[in-house]
2 protein chains.
Amino acid sequence: MRTVTIADVAKHAGVAVSTVSYVLSGKRAISATTRQRVLESVRTLGYHPNAGARALASKRANVIALVLPLRAGMNLPVLMQFATSVVTTARQYDHDVLLMTADEGPDGLRRVAASALVDGLLLMDVEIHDPRVPLLRELTEPSVLIGFPADPEGLTCVDLDFARAGALCVDHLVDLGHREIALLGAPRVVYERGTGFAERTMAGFADEMRRRGLVPDARPCEESFDEVYEAVKLLLEERPGVSGIVVHNESAAGHVLGALRMLGRRVPEDVSVVAICPDDVAERAGPALTSVLIPAGDVGDQAVRLLMAKLDGQQVPQSTLLQPRLTVRESTR
Amino acid sequence: MRTVTIADVAKHAGVAVSTVSYVLSGKRAISATTRQRVLESVRTLGYHPNAGARALASKRANVIALVLPLRAGMNLPVLMQFATSVVTTARQYDHDVLLMTADEGPDGLRRVAASALVDGLLLMDVEIHDPRVPLLRELTEPSVLIGFPADPEGLTCVDLDFARAGALCVDHLVDLGHREIALLGAPRVVYERGTGFAERTMAGFADEMRRRGLVPDARPCEESFDEVYEAVKLLLEERPGVSGIVVHNESAAGHVLGALRMLGRRVPEDVSVVAICPDDVAERAGPALTSVLIPAGDVGDQAVRLLMAKLDGQQVPQSTLLQPRLTVRESTR
DNA sequence: CCTTCGCATCGAAGCGCTTCGACGACACCG
DNA sequence: CGGTGTCGTCGAAGCGCTTCGATGCGAAGG
């Protein structure tokens, strides 16, 4: 069962190889009748263009690299949602996705780019001082980053507007009448790593609090139940008047509710809680959490569109911030 | 900045193109001095073989497809861990990984296989009656499945031995002296989908219970806190003597602990809980859960090895079951 | 009626690599 | 000392596709 080549299709349809190619690519006008004949031959023979040959001749692999962080502590659901939307959107542009892990480092990127395995790169979870950023600048292949390095000059970056997300939580709680509000953030290590999004949320939270004439109180928060419990307990002891809590830590969100329950605080009667997390986590919690959505799907989608535009030679904005959206559920009042 | 080709390397080293190729592939003997000279040229010029050309000439893309399920309700951490280990192991064999989603269906598989984009396929989360299985049988490209379809004849399947995992939980609890033991499983929809692993766990649990002269009680379990709470409440009402609970539902595991706490049962003093879940989930819970590990990493690793063996023309076993391992933590006594 | 033009199609030249057969050079054997 | 290998290297033929320039043809124009 030899595989079907373009030559087989050409012979079957009684045309030249180049004609088949033009029918398939649409790069030259072909008469309707010929086109039909060719397409039918393609169908009956079950022809699939050889990817390698196509890449070699056209200098386009129609594959993009998706570089995901794999270190533990990543926000898995968000990551998966993101990956899924990247693959789905890429397919809409007739591209496939090569999966890479961040631990291949700059060398891995150089390898796939230089070998023409991929036409462009999508990097998730870029850090403030990311060793891969200088490389991306010198690569001829276009790239799109999720997250912001210290200096985004000359790059294309996409992210959720985390500062706005933090502010949004404040707005919601203050509008409900709460005055004493605290933020429980990501584990300390995340801030130390300098991924950016955690700081930006805190900053947005703090700025908005101050703008409203209130005193911000923001703290990192670990992820195990016991540590969350201790953090909540400490918070309530130090600031007994706290009536609003913003949680920017997906794994901890459920534990915060459990801790409050154990500490005799009812949600939302005594304390209102807003989380910044995916919808499914918010809905699964008891009570269901009012939350600001991390639109991972939109981010992936948008990132692919930007990359495709760059591959197309178009100019794209250096920075794209996606607007967060707050959904009211049962945990705030 | 034209990209460096093998011809450039050959000229720089003063040898024929074919000699460079043989140095790089090791398929023919090359004198040590020539080899050195070539390798040095490769390094100084920064040569990376063009993937398309290589694939075209050698009929090997050095890429494997990884097909992941993307429907909601999947066990994300396990999935990511799996994907990570697949990528890492594939790289050890000098292969890259093309990421696909299950919703591309059989056509997607046919496309990447027929276009020679990939040399082999790795499918995760195969269902009992999976529409892709017949296709895999007729494809010339080798494949490895994670999970078992109804008829694994002629295929290569890898999975955790879930029946054994269920039995292992029973053994642990019974050895501790517990007699009345219940299993809280996956959401009902998972059983209906027929993914297999959930049923197999239940069967292993039930068989071992009966073998021990005990009465099995196994129930599906949804994932939201409220539903878990109701399920636990109902269980305690119907079977007040229950002193051991096996949870085979990662999202629910934490909620089960919370529900028991709210219902006035201490863990492990009043009730012992064993979970079947990844270690990080077990460790993050309060109290830390005694658990049977889902060794997602090993599964991915093993799957890649099997696929590489098949690509190599070797014979491999039709079925590979990975043995589960129980880790005792704080939730059983 | 002959030229001019545009459309539809063809043929051939690569793209960068692997691989096969060939060919010197040299060592070894009888 | 001429055959017979062996080793290391070379040249050339593709792999299946895209793309460029050329070409045949009918319609439009003078």
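By convention in this document, chain letters (A, B, ...) are assigned in the order of the sequence lines, proteins followed by strands, and residues within each chain are numbered from 1. Bear in mind that the values here come from a model prediction, so they are computed numbers and not experimental data.
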Asker: Sequence neighbours left out, what pairs pass salt bridge (charged side-chain N to carboxylate O under 4.0 Å, His left out) with at least one residue falling in residues 82-94 of chain A?
Answerer: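 Output for this query lists R91(A)-D94(A), R91(A)-D96(A), R91(A)-E104(B).
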Asker: What's the shortest heavy-atom distance between V299(A) and L160(A), and which atoms?
Answerer: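 V299(A) and L160(A) have their closest heavy atoms at CG2-N, 4.4 Å.
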Asker: Once side-chain hydrogen bond (donor to acceptor under 3.5 Å, both in side chains) is applied, do any residues pair with N50(B), and if so which ones, sequence neighbours excluded?
Answerer: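 Listed in chain order: nothing, the list is empty.
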Asker: By nearest nucleotide on DNA chain D, pick out whichever of A16(B) and L56(B) is the more 5' one.
Answerer: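 It is A16(B) whose nearest nucleotide is closer to the 5' end.
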Asker: Mind running a 4.0 Å heavy-atom check of residues 20-41 of chain B against DNA chain C and sending the residues that fall below it, in number order?
Answerer: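 Nucleic-acid contacts, sorted: S21(B), Y22(B), K27(B), R28(B).
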Asker: First and last nucleotide of DNA chain C in contact with chain B, 5' to 3', at under 4.0 Å to a heavy atom: what are they?
Answerer: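 Both ends considered, the range comes out as dG16(C) to dA22(C).
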Asker: Taking any heavy-atom pair under 4.0 Å as a contact, classify V15(A): base, sugar-phosphate, or nothing.
Answerer: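 If one applies the 4.0 Å heavy-atom cut-off, V15(A) turns out to touch the sugar-phosphate alone, with no base involved.
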Asker: Does anything in residues 21-35 of chain A form a salt bridge (charged side-chain N to carboxylate O under 4.0 Å, His left out)? List the pairs, not counting sequence neighbours.
Answerer: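 Checked against salt bridge (charged side-chain N to carboxylate O under 4.0 Å, His left out) - neighbours excluded - no pair reaches residues 21-35 of chain A.
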Asker: Taking side-chain hydrogen bond (donor to acceptor under 3.5 Å, both in side chains) as the definition, give me every residue that meets it alongside Q314(A), ordered by chain and number, with sequence neighbours left out.
Answerer: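 By the side-chain hydrogen bond (donor to acceptor under 3.5 Å, both in side chains) rule, Q314(A) matches D312(A).
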Asker: Start at the 5' end of DNA chain D and walk down; is the nucleotide closest to A53(B) or to A57(A) reached first?
Answerer: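 Nearer the 5' end of the strand: A53(B).
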Asker: Identify, with sequence neighbours excluded, every residue that meets ring pair (Phe, Tyr, Trp, His ring centres under 6.0 Å) alongside Y47(A).
Answerer: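 With neighbours one apart ignored, the set is empty.
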Asker: Going by side-chain hydrogen bond (donor to acceptor under 3.5 Å, both in side chains), name the residues that satisfy it together with T88(A), two or more places apart in sequence or in a different chain.
Answerer: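 Checked T88(A) against side-chain hydrogen bond (donor to acceptor under 3.5 Å, both in side chains); zero matches.
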Asker: Using the C1' atoms of five pairs at each end, what's the angle between the two axes of the helix from dC1(C)-dG30(D) to dG30(C)-dC1(D), to 10 degrees?
Answerer: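 Taking five pairs per end, the axes differ by 50°.
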Asker: Categorize S18(B) for me: base, sugar-phosphate, or nothing, with a 4.0 angstrom heavy-atom threshold over every strand shown.
Answerer: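 Base contact.
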Asker: Name all residues meeting the salt bridge (charged side-chain N to carboxylate O under 4.0 Å, His left out) criterion together with D280(B); count only those two or more places apart in sequence or in a different chain, and write none if there are none.
Answerer: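 By the salt bridge (charged side-chain N to carboxylate O under 4.0 Å, His left out) rule, D280(B) matches R284(B).
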Asker: Enumerate the residue pairs fulfilling side-chain hydrogen bond (donor to acceptor under 3.5 Å, both in side chains) with a member in residues 301-310 of chain B, sequence neighbours excluded, ordered by first and then second residue.
Answerer: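 The answer is T89(B)-D301(B), Y93(B)-R305(B), T156(B)-K310(B), D301(B)-R305(B).
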Asker: So which pairs with a foot in residues 51-65 of chain B pass salt bridge (charged side-chain N to carboxylate O under 4.0 Å, His left out), sequence neighbours left out?
Answerer: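 Non-adjacent pairs meeting salt bridge (charged side-chain N to carboxylate O under 4.0 Å, His left out): R60(B)-D119(B).
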